[in-house]
Every structure is written in structure tokens, then in C-alpha cells.
Number of protein chains: 2
Amino acid sequence: MQDQELDTEEPRRRSDGEQTHAAILDAAIRLASIEGLNSLTIGRLARELGISKSGVFAHFRSKERLQEETVDAAGEIFEREVLTPGLSAPEGLAQLEALCEAYLSYVERRVFPGGCFFAHLLAEFDAQSGPVHDQMESNQRGWLGMVAGMIETAIERGELDPATDPLQLAFELHAAMELANYLSMLHRDPSVVDRGRRAIRDALARATQGPRGSRSTSPSPGNPQSGG
Amino acid sequence: MQDQELDTEEPRRRSDGEQTHAAILDAAIRLASIEGLNSLTIGRLARELGISKSGVFAHFRSKERLQEETVDAAGEIFEREVLTPGLSAPEGLAQLEALCEAYLSYVERRVFPGGCFFAHLLAEFDAQSGPVHDQMESNQRGWLGMVAGMIETAIERGELDPATDPLQLAFELHAAMELANYLSMLHRDPSVVDRGRRAIRDALARATQGPRGSRSTSPSPGNPQSGG
DNA sequence: GTTTAGTTCGCACGGTCGTGCTATTTAATC
DNA sequence: GATTAAATAGCACGACCGTGCGAACTAAAC
């Protein structure tokens, strides 16, 4: 199957329209990442892009569709900037580390000017019912499940202590990433991301050698790298 | 000091007005905790309370003041529900644990129907400049500083490993609390808070006997106090 | 019981919102 | 180059926004 415009039945696009469509979504993503999906406004996008309100509206035919497409477009960026680099590492602990680092780097590089688009969306819609809430819920489940899955794989490969609780560790890693995002934005200080980095490194280091109590093996491969 | 209306010069309040004022703020807090401070609307509050728009407006004389007073009123609730019970425990590790538990309990009990009011505000305003952003920044600094201060005290009293980095541990505790809040709201499942509880318990347990990995080289595991 | 001043309402304003409808322009196809 | 359909502009609509103003009401102080 290659052509499946059966239910949506989109009209064919012209090149100039395609370009405008992309420009609108680009501005929408920028705006929504800073001020939230709900303060996305057709009139404001039109003003910002120097085109008419009808010009913007015609591309989506409803505000809801504009929001949906904005979230989808942001999702593609997230996939490109976080998931793809994260998953490109070899399976196991290395992949888990790569994914966390890909996320932190994506926050640090301000891929979205307002920080992680989906962290923002999580807070905006966690308490509101509706399609966005539902999509966020499945997104979160997927993300946390993926991280937990990587932890399980790392355990199976003997890279993490078998006593590790995958979902619990995934929760802790996720928590460090999200707070690093929020605080680095709040204080306009990308170096806050290093706190998250360290929290993740420590959490993984702990899980590599068991919690405590029992005599551990070597005191971790000493890495006297002059960290900044 | 008890009377300091020097600069603001508020008019004296009548009893019925006082009551309406409180009712408006109550509704505003409820609404803002779910949908965000920016979707707070004078017209909507009026509709919800069955009074006229002017009736609401007269109590604040600007939307900005309404928002400020709403945040302040939510702050008082936070103080009553989290800070006061947290600080009532004896100084040291016990107080730190009490504070974390007070927060988690406050999330669990849905003191605000949309979850932690300030976690919501953090995400809403982290990337936006303005007075709310600035107040949130100082709030966050104060909160994290307070937690770190308690950790320092606990270290001084020999209840936590002296190799512990107070700010780093504070970050990790804070991260667990925030994510517990967001996810428990997103999944409409208060039991998610237990994940945060466990993350905090584990983090504190680790800090009671010294970490295993990471770069904190000083072993000094010399306090065999049985952790609970 | 009169006076005073805080409440509350009704009304109006200019602005923005989302969304239709009708032109007009213009890229793509024949 | 004529045809076709997409892209965009212009305009209008009803709704809601924040805010001002004056009138009516009423609790509190005298």
C-alpha cells in the first residue's frame, strides 16, 4: 500500500501551498512550545507570517486540525532529534544512555525555543480531558515503556543489576530529564541540563552494580575526566 | 506589623464583598490549576459564579491583578498544605522526609483539582518572560534552596553521608515529586504517586549510607543507622 | 434615619477569536 | 495558451474578551 487517502481525501497540493503550509506549522510549533498549544491562534499566526487570516485558515479548515497537525509536526522533529539518534546506538545499556543523552542534548540545543514541546504539553493537558490529553497519555506510556524496555534488555545482557525495577528506574530517569528541561528554561541556563545528566549517570551507575549493602565489585571504572 | 496598606491603599471591604472576593479566587484557583493561568477569564468566572462580569471585574480592576491574587491565594494553600506540615517535623532528615511526604500527599489528595498548582505554573511560564515567570523563578529557587538546606542540616547532624551534594540530591527529590504529580494527573491514577514516594525513599536511603558509584570517592560508610 | 461608601449590575466600546462566503490570482495540466 | 483547481485575500458574522461608566442597591458608621 502506498496511497491511502481514502478517508481523509486530501486535495492535491500546489508547491506554493505546500511551502506556506510548512511555514505556518513552523511558526505554530515555535509559538506553541513557548506559550502553549492553547494560545495558538489563527489570527496571530497570520499576522506573524504576513498573510491573511483566511490564508492560514484555508490550510487547516478548523483550529482543531491546526493543533493536531502542529503536534504531529512537533512529533516528527522529536523523532528526528531524539528517537533516531537514541535508537541508533547498539542495543542494551549503550542505547539507553544514548537515548537519555539525545534528549538532554535536544533540550540543551533548544530544538524548540520553549524547551521540550512534549514536556510542555504534558503539563498543559495532564488535567484536561480531550483528544490532546489522550494522545499525550499514550505518548507518555510509549516513552516510559520504551525506556523500561531498554532497561530490561540491559538487564538481560548483564549490563544492569537484575534486581533493578525497570519501570521504577525509567521513572527516575524520566523525572531527571523533565526537570532538567523545565529548570533550564526557567533559569534560561542550559547548564542546568548537567544536573539532569549527572542524575542519570548516577542512577545508571548505581544500577550497574546493585543498590548497596552487598559488597560490590570494582568501585566503578574510574573516569577522572575533568568534567565541567 | 498588622496594617500596611500604605502604598496599595486598598478600600475597606464590606462583608458581602469579602465573601464574593473569596469565592471568585476559589473558582479561579480551581480553573487555573486545570487549564492554566492564561485561560483564566473574567467572563467565564462570572458565568461560573452566576454574577455579572462587572461584578467580578470590580474586585480586581484588571486581569493582571486577578492573576496575581490567584497565584497568591494558591500560594497560601500550598503553604498551609505542604510547607507548614513539612516544617513541623523536627529538624534534620525527619524534616526533609516530612516535607517530601507532605508534597506527595498534597498531590495525592488533589488539593488542587488539576494537581500541583505551581508545577503547572512552572511549565506554563518557564519559557515566557514577565512577572509570573520571575515570581516562579524565585519560587523555584526558594523551594530548591529550602530542600538543599534541609539536606545540609541532615548532613551536619550525621544523618546523611557528608559526600552528598545537597543541590544535586535536592534536584533529584524535586524531579521525582514533579513527575509524580504530572503522571498521576495524566493517568488519573493517584497511585502513581507511590513511584515518586519510592524514588524519594531510595534516594534518601542511598544518601544515608553513601553511594556506590559516581565520583564521590569518600567511602565513609560509618553510620550504620537502620534506615526505615 | 441619614449619610457614606463598597457592591453589583447593565450597557457600550473596541478588539480578537473561529469560521464561513465570494472574489481573484496563479501554478499545474492538457 | 486555454482549462482547472488550488491558494490567498477580503469581508462579514456572532461570540467572547478586557475595560470603562453610571445607576441601583445595601451594609456599615454616624
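Naming convention: chains lettered A, B, ... in sequence-line order (proteins, then strands); numbering from 1 in each chain. Just so we're clear, the structure is a prediction, and the values are computed from it rather than from any experiment.
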Which one of A/Q67, A/E69, A/E68 satisfies the side chain to side chain donor-acceptor pair (under 3.5 Å) criterion with A/R65? A/E69

Starting at atom CD1 of A/I24, determine the distance to atom C1' of D/dA7, rounded to an integer number of angstrom. 10 Å

Give the rounded distance in Å between these two atoms: CD of A/Q19 and P of C/dA27. 11 Å

Any side-chain heavy atom of A/E108 sitting closer than 4.5 Å to one from A/D194? yes

To the nearest Å, how far apart are B/R14 CZ and D/dA27 C1'? 4 Å

Starting at the 5' end of DNA chain D, which residue's closest nucleotide do you reach first, A/T20 or B/D16? A/T20

Salt bridge (Lys or Arg N to Asp or Glu O under 4.0 Å) between B/E76 and B/R80: does it pass, once the steps are laid out? CA-CA 6 Å; B/E76 280 170 31; B/R80 164 161 47 86; over 6 Å; no

Rounding to an integer number of Å, can you tell me how far B/F57 CZ sits from D/dC16 C1'? 16 Å

Would you say a side-chain N or O of B/H21 is under 4.0 Å from OP1 or OP2 of C/dT7? no

Contact class for B/S54 vs. all strands (heavy atom < 4.0 Å): base, sugar-phosphate, or nothing? base

Nearest whole Å is fine: how far is D/dT8 C1' from A/E18 CD? 16 Å

Could you check if a side-chain atom of B/L169 sits within less than 4.5 angstrom of a side-chain atom of B/L204, using non-hydrogen atoms only? yes

Take A/L121 and A/Q135 through the test side-chain contact (heavy atoms from CB on, under 4.5 Å) and record every step on the way to the result. CA-CA 10 Å; A/L121 229 52; A/Q135 197 187 329; over 6 Å; no

Phosphate-side-chain proximity, A/S15 and C/dA28, N/O vs OP1/OP2 below 4.0 Å: yes

Separation of B/K63 atom NZ from C/dT16 atom P, in whole Å? 15 Å

Which sits closer to the 5' end of DNA chain C, B/K53 or B/G50, going by the nucleotide each is nearest to? B/G50

Find the distance A/I51:CD1 to D/dA9:C1' and express it as a whole number of Å. 11 Å

Whole angstrom is fine here: how far is it from CZ in A/R13 over to P in C/dA27? 17 Å

Hey, does A/H174 have a side-chain heavy atom less than 4.5 Å from the side chain of A/Q140? yes

Side chains of A/H133 and B/R188: does their closest heavy-atom pair fall under 4.5 Å? yes

Enumerate the residues from residues 27-48 of chain B whose closest heavy atom to DNA chain D is under 4.0 Å, giving them by residue number; use none for an empty result. B/L40, B/T41, B/I42, B/G43, B/R44, B/R47

